[in-house]
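Just the heavy atoms: all of them, side chains too, but no hydrogens, waters or symmetry mates, feed the values below.
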Amino acid sequence: MPSPKARSSSGRSGSVPCNVTGGNGRYEFISLNRTPPPHLLQRQGSDPTSARLRASESPNRRRGSGSSTSSTGGQQLPEEDCMKLNPSFIGIALSSLLAIDLWLSKRLGVCACEDSSWGSVRPLMKLIEISGHGIPWLAGAAYCLYKSDSVAGQEVMLNLLMALVLDLVLVGVVKAVVRRRRPAHNRMDMFATFSVDRYSFPSGHATRAAMCARFLLAHLVLAAPLRVLVLLWASFVGFSRVLLGRHNVTDVAFGFFMGYWQYNLVEVLWLSPVMLQSMIGHLH
Ligand SMILES: CC(C)=CCC/C(C)=C/COP(=O)(O)O
């Protein structure tokens with residue numbers, strides 16, 4: 001229970017109660033902006049928790065220097081101390097989100113191997129995985145480009161190829177920067193991977209599924225039932241990544257987000273036949 005005395009001493013502006021035990025074993029609240037009572041100061045020397053806290057103090061404070069100070073109740077404290085609350089709040093929120101993500105992803109990884117609870121569905125999930133892999137998409141787009149005899153068809157297929165390559169590059173860069181490891185329950189048995197594919201953030205299948213779905217809906221698939229099928233396919237590709245244990249939920253969620261925006265970039269960079277002809281003209 002907080003002692004009424006300590007409660008009344010915590011100032012209103014920016015002072016946050018800190019929970020510590022007093023010499024009598026009872027919990028007392030003290031303000032971070034005020035000097036703790038002598039019996040608590042004495043305990044700081046031996047207590048391992050406070051030793052850890054001291055170790056994580058800012059270098060300025062440890063050195064006892066710091067030109068910019070704020071005065072609270074006659075006490076000189078470095079200004080940075082008053083700003084530590086925000087990062088720690090964000091830090092706590094992020095680690096909670098991460099913990100939920102890991103827990104949920106582990107629970108949903110029901111096809112991670114044959115003897116998992118839904119192990120019998122694994123072959124179907126792997127089929128969905130192949131449907132969103134880069135190789136069939138690149139090969140399919142290149143084949144259609146080769147077979148297309150209309151300028152409009154060639155334009156669409158060439159831009160699809162460009163979009164697929166752009167997706168591989170952007171996902172590779174983000175994976176290499178973030179370097180988040182794949183879930184521990186994942187079995188790394190995917191075919192044709194790049195070295196960055198040992199990392200899981202973001203899911204390359206999810207970015208490709210989101211981007212290709214938007215591409216197909218905008219340029220190739222007009223019939224309503226087929227449009228629904230395209231959306232279902234993209235959702236299944238994303239969901240199957242978590243079921244297979246390849247990814248955490250946040251990898252797939254961010255992958256969908258990134259793929260959605262990648263399509264906007266493709267529209268901006270769209271290669272028109274006129275542009276292509278002038279590019280070819282410059283080459284000659
Ligand atoms: C070899 C080519 C052309 C593409 C690699 C595609 C691939 C294996 C991506 C990894 O996807 P996830 O990040 O969803 O696991």
Self-check item: Asn248 (side chain) donor-acceptor with Leu102 (main chain) under 3.5 angstrom
Solution: no

Self-check item: Distance (rounded to the nearest 0.5 Å) between Ser148 OG and Gln154 CD
Solution: 5.0 Å

Quiz item: Do Leu166 and Phe256 belong to the same hydrophobic cluster, where Ile, Leu, Val, Met, Phe, Trp and Tyr are linked whenever their side-chain heavy atoms lie under 4.5 Å apart, directly or via other members?
Solution: no

Quiz item: Quick one: does Thr207's side chain have a donor or acceptor within less than 3.5 Å of a partner on Gly255's backbone?
Solution: no

Practice problem: Check whether Phe254 and Met211 end up in the same hydrophobic cluster, where Ile, Leu, Val, Met, Phe, Trp and Tyr are linked by side-chain heavy atoms less than 4.5 Å apart. | Solution: yes

Quiz item: So, do Val174 and Tyr199 sit near enough that their side-chain heavy atoms are less than 4.5 Å apart?
Solution: no

Quiz item: Are the side chain of Arg122 and the backbone of Glu114 linked by a donor-acceptor contact shorter than 3.5 Å?
Solution: no

Quiz prompt | Closest non-hydrogen atom pair between Val171 and Gly204, with its separation | solution = CG1-CA, 3.9 Å

Quiz item: With side chains defined as the heavy atoms from C-beta onward, is the minimum distance between Pro202 and Lys175 less than 4.5 Å?
Solution: yes

Exercise. Decide yes or no for Phe191 and His133: does some side-chain heavy atom of the first lie under 4.5 Å from some side-chain heavy atom of the second?
Key: yes

Practice problem: Step by step, work out the salt bridge (charged side-chain N to carboxylate O under 4.0 Å, His left out) result for Asp189 and Lys126. | Solution: CA-CA 10 Å; Asp189 57 353; Lys126 290 195 81 169; 3.2 Å; yes

Quiz item: Roughly how far apart are Thr250 OG1 and Leu98 CG, rounded to 0.5 Å?
Solution: 7.0 Å

Self-check item: Pairwise distance NE2(His205) to CD(Glu129) - rounded to 0.5 angstrom
Solution: 4.5 Å

Quiz item: Does Arg208 use its side chain to pair, donor to acceptor, with the backbone of Gly132 at less than 3.5 Å?
Solution: yes

Quiz prompt | Arg227 vs Val230, side-chain contact (heavy atoms from CB on, under 4.5 Å): CA-CA, chis, key distance, verdict | solution = CA-CA 5 Å; Arg227 291 172 80 83; Val230 167; 5.6 Å; no

Practice problem: Report yes or no: do Leu216 and Leu231 belong to one cluster of Ile/Leu/Val/Met/Phe/Trp/Tyr joined by side chain heavy-atom distances under 4.5 Å? | Solution: yes

Quiz prompt | Distance-minimising heavy-atom pair for Gly119 and Pro123 | solution = O-CD, 4.0 Å

Quiz item: Would you say Val110 and Phe236 are hydrophobically clustered, going by side-chain heavy atoms of ILVMFWY under 4.5 Å?
Solution: yes

Quiz item: Going hydrophobic residue to hydrophobic residue with side-chain gaps under 4.5 angstrom, can you get from Tyr143 over to Val165?
Solution: no

Quiz item: Do Arg182 and Arg198 come within less than 4.5 Å of each other through their side chains, counting heavy atoms only?
Solution: no

Exercise. Hey, could you give me the CE/OG distance between Met125 and Ser120, rounded to the nearest 0.5 Å?
Key: 9.5 Å

Practice problem: Identify the heavy atoms of Ser203 and Arg241 that sit nearest to each other, and give their distance. | Solution: OG-CG, 3.7 Å

Quiz prompt | Any donor-acceptor N/O pair, Asn159 side chain to Glu155 backbone, under 3.5 Å | solution = yes

Quiz item: Where is the tightest heavy-atom contact between Arg246 and Arg187, given as atom of each residue plus distance?
Solution: NH1-O, 2.6 Å

Quiz item: How far apart are the closest heavy atoms of Gly245 and Ala112, and which atoms are they?
Solution: CA-CB, 4.4 Å

Quiz item: Is there a side-chain contact between Leu138 and Leu168, using heavy atoms and a 4.5 Å cut-off?
Solution: yes

Quiz prompt | More than 12 heavy atoms of other groups within 6.0 Å of Trp270 CH2 | solution = yes

Practice problem: Can you see which heavy atom on Leu269 is nearest to which on Met162, and at what distance? | Solution: O-CE, 3.7 Å

Exercise. Check step by step if side-chain contact (heavy atoms from CB on, under 4.5 Å) holds for Leu170 and Leu265.
Key: CA-CA 11 Å; Leu170 292 181; Leu265 189 59; 4.1 Å; yes

Quiz item: What do you reckon, is CZ of Arg179 surrounded by more than 12 foreign heavy atoms closer than 6.0 Å?
Solution: no

Quiz prompt | Rounded distance (nearest 0.5 Å) linking atom CZ of Phe239 with atom CG of Leu244 | solution = 11.0 Å

Exercise. Flag the pair Glu267 and Arg214 as a salt bridge only when some basic side-chain nitrogen lies within less than 4.0 angstrom of an acidic carboxylate oxygen.
Key: no

Self-check item: Side-chain ion pair, Arg180 and Asp251, N-O less than 4.0 Å
Solution: yes

Exercise. Taking the side chain as every heavy atom from C-beta outward, state whether Asp197 and Phe194 have any atom pair closer than 4.5 Å.
Key: yes

Quiz item: Do the non-hydrogen side-chain atoms of Cys212 and Leu164 ever get within less than 4.5 Å of each other?
Solution: yes

Exercise. Would you please name every residue forming a side-chain hydrogen bond (donor to acceptor under 3.5 Å, both in side chains) with Ser131, sequence neighbours left out?
Key: Trp233

Exercise. Measure the SG-CG distance between Cys113 and Asn186 for me, rounded to the nearest 0.5 Å.
Key: 10.0 Å

Quiz item: Is the backbone of Val237 close enough, under 3.5 Å, to the side chain of Ser240 for a donor and an acceptor to pair up by distance?
Solution: yes

